[in-house]
Amino acid sequence: FKQAINARVKERPDNPWTVQISTLTTQAVKAGDVVLVSFYVRTIESKNPESKGHFTVFFGVPEGPEQTVGLEVDAGAKWTKVQIPATVAADYEAGKSMLNLDLGYEPQVLEFADIKLLHYGRAVKESDLTRSGI
């Protein structure tokens with residue numbers, strides 16, 4: 001990769017979302033639309049006994065009752081492509097919903113690259129998309 005985000009968690013915070021990579025969406029989505037969260041990840045260092053990094057992928061409105069993606073993921077030392085297809089749970093306005101990678105589970109160093117949230121609308125079904133790396 002030409003660029004990667006190197007995320008270092010030095011100590012475990014009170015909440016996993018205290019340490020995160022986060023971005024607001026630039027486009028509105030409607031309930032029933034299909035999206036795909038896609039990125040590469042690897043663990044550089046972890047205090048986990050299995051030497052795996054651990055984080056949560058979140059897509060939705062933090063204060064809202066309906067989240068579209070809320071999934072815990074473990075990552076090993078090799079670059080792994082993670083793909084999470086999902087059906088949008090509620091209408092989200094542009095700039096109101098977030099894609100977050102919540103990293104604050106334990107001291108660890110993770111690298112992320114090519115982070116994307118692809119919006120397919122109703123052009124495909126969730127089952128048409130590949131789920132990987134989970």
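FYI, the numbering just counts along the sequence from 1. These numbers come from the heavy atoms of this one structure, side chains and all, not from hydrogens, waters or symmetry mates.
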Self-check item: Closest contact, heavy atoms only, Val82 versus Gly133
Solution: CG2-O, 3.8 Å
Quiz item: Using a distance-only test with no angle check, is there a side-chain donor-acceptor pair under 3.5 angstrom linking Thr25 and Ser97?
Solution: yes
Self-check item: Transitive ILVMFWY side-chain link Leu71 to Val34, under 4.5 Å
Solution: no
Practice problem: Given side-chain contact (heavy atoms from CB on, under 4.5 Å), test Asn100 with Trp17 step by step and report yes or no. | Solution: CA-CA 8 Å; Asn100 295 343; Trp17 58 87; over 6 Å; no
Quiz prompt | side-chain contact (heavy atoms from CB on, under 4.5 Å) between Leu101 and Ile115, worked out | solution = CA-CA 10 Å; Leu101 303 173; Ile115 302 169; 4.0 Å; yes
Exercise. Write down the atom of His119, the atom of Ala28, and the distance for their closest heavy-atom approach.
Key: CE1-O, 3.8 Å
Quiz item: How long is the span from the OG atom in Ser46 to the CG atom in Leu110, to the nearest 0.5 Å?
Solution: 7.5 Å
Quiz item: For the side chain of Arg131 and the backbone of Ile84, is there at least one donor-acceptor N/O pair under 3.5 Å apart?
Solution: no
Quiz item: Given side chains that start at C-beta, do those of Met98 and Pro62 come closer than 4.5 Å, heavy atoms only?
Solution: yes
Practice problem: Could you state whether Ile5 and Phe55 fall into the same hydrophobic cluster, counting links through intermediate Ile, Leu, Val, Met, Phe, Trp or Tyr residues with side-chain heavy atoms under 4.5 angstrom apart? | Solution: yes
Quiz item: If you round to the nearest 0.5 Å, how far is NZ of Lys81 from OG of Ser132?
Solution: 7.0 Å
Practice problem: Compute the centroid of each ring, for Phe1 and then for Trp79, and state whether the two points are separated by less than 6.0 Å. | Solution: yes
Self-check item: In one Ile/Leu/Val/Met/Phe/Trp/Tyr side-chain cluster, 4.5 Å: Val41, Val69
Solution: yes
Quiz item: Can you find a pair of side-chain heavy atoms, one from Asn6 and one from Val109, that are under 4.5 Å apart?
Solution: yes
Quiz item: Is there a chain of hydrophobic side chains (I, L, V, M, F, W, Y, each step under 4.5 Å between heavy atoms) that links Val73 to Tyr105?
Solution: no
Self-check item: Which atom of Ala7 lies closest to which atom of Ile21, heavy atoms considered
Solution: CB-CD1, 4.4 Å
Quiz item: Between Glu72 and Thr56, do the side chains contain an N or O donor and an N or O acceptor separated by less than 3.5 Å?
Solution: no
Practice problem: Group every Ile, Leu, Val, Met, Phe, Trp and Tyr by side-chain heavy-atom contacts under 4.5 Å, then state whether Val37 and Leu118 land in the same group. | Solution: no
Quiz item: How many angstroms lie between atom CZ of Arg12 and atom CG of Leu103, to the nearest 0.5 angstrom?
Solution: 13.0 Å
Quiz item: Just how far is it from atom NZ of Lys47 to atom CD of Glu11, taken to the nearest 0.5 Å?
Solution: 12.5 Å
Quiz item: Is a donor on one side and an acceptor on the other found under 3.5 Å between the side chain of Glu126 and the backbone of Thr87?
Solution: yes
Quiz item: Where do Tyr92 and Asp33 land on the side-chain contact (heavy atoms from CB on, under 4.5 Å) test, with the steps shown first?
Solution: CA-CA 11 Å; Tyr92 302 148; Asp33 286 358; over 6 Å; no
Self-check item: Over 12 non-hydrogen atoms of neighbours within 6.0 angstrom of CG in Asp14
Solution: no
Quiz item: His54 and Glu106: side-chain donor and acceptor closer than 3.5 Å?
Solution: no
Exercise. Report yes if some heavy atom in the side chain of Leu117 is under 4.5 Å from a heavy atom in the side chain of Leu36; otherwise report no.
Key: no
Quiz prompt | Option passing salt bridge (Lys or Arg N to Asp or Glu O under 4.0 Å) with Glu111 (candidates Lys78, Arg42, Arg8) | solution = Arg42
Practice problem: Tell me, with the steps shown, if Phe58 and Gln67 meet side-chain contact (heavy atoms from CB on, under 4.5 Å). | Solution: CA-CA 8 Å; Phe58 171 88; Gln67 69 182 23; 3.1 Å; yes
Practice problem: To the nearest 0.5 Å, tell me how far Gln20 CD sits from Leu99 CG. | Solution: 10.0 Å
Quiz prompt | Atom pair CZ (Phe39) and OG1 (Thr80), whose distance is rounded to the nearest 0.5 Å | solution = 10.0 Å
Quiz item: Would a distance-only check, ignoring hydrogens and angles, find a side-chain to backbone donor-acceptor pair under 3.5 Å from Asp91 to Ala31?
Solution: yes
Practice problem: Could you tell me which non-hydrogen atom of Asp74 sits nearest to which non-hydrogen atom of Lys52, and how far apart they are? | Solution: CB-CD, 4.2 Å
Quiz item: Can you name the closest pair of heavy atoms from Pro13 and Gly104 and give their distance?
Solution: CD-O, 3.5 Å
Quiz item: Do you know which two heavy atoms are closest between Ala86 and Thr68, and how far apart they sit?
Solution: CB-CG2, 3.6 Å
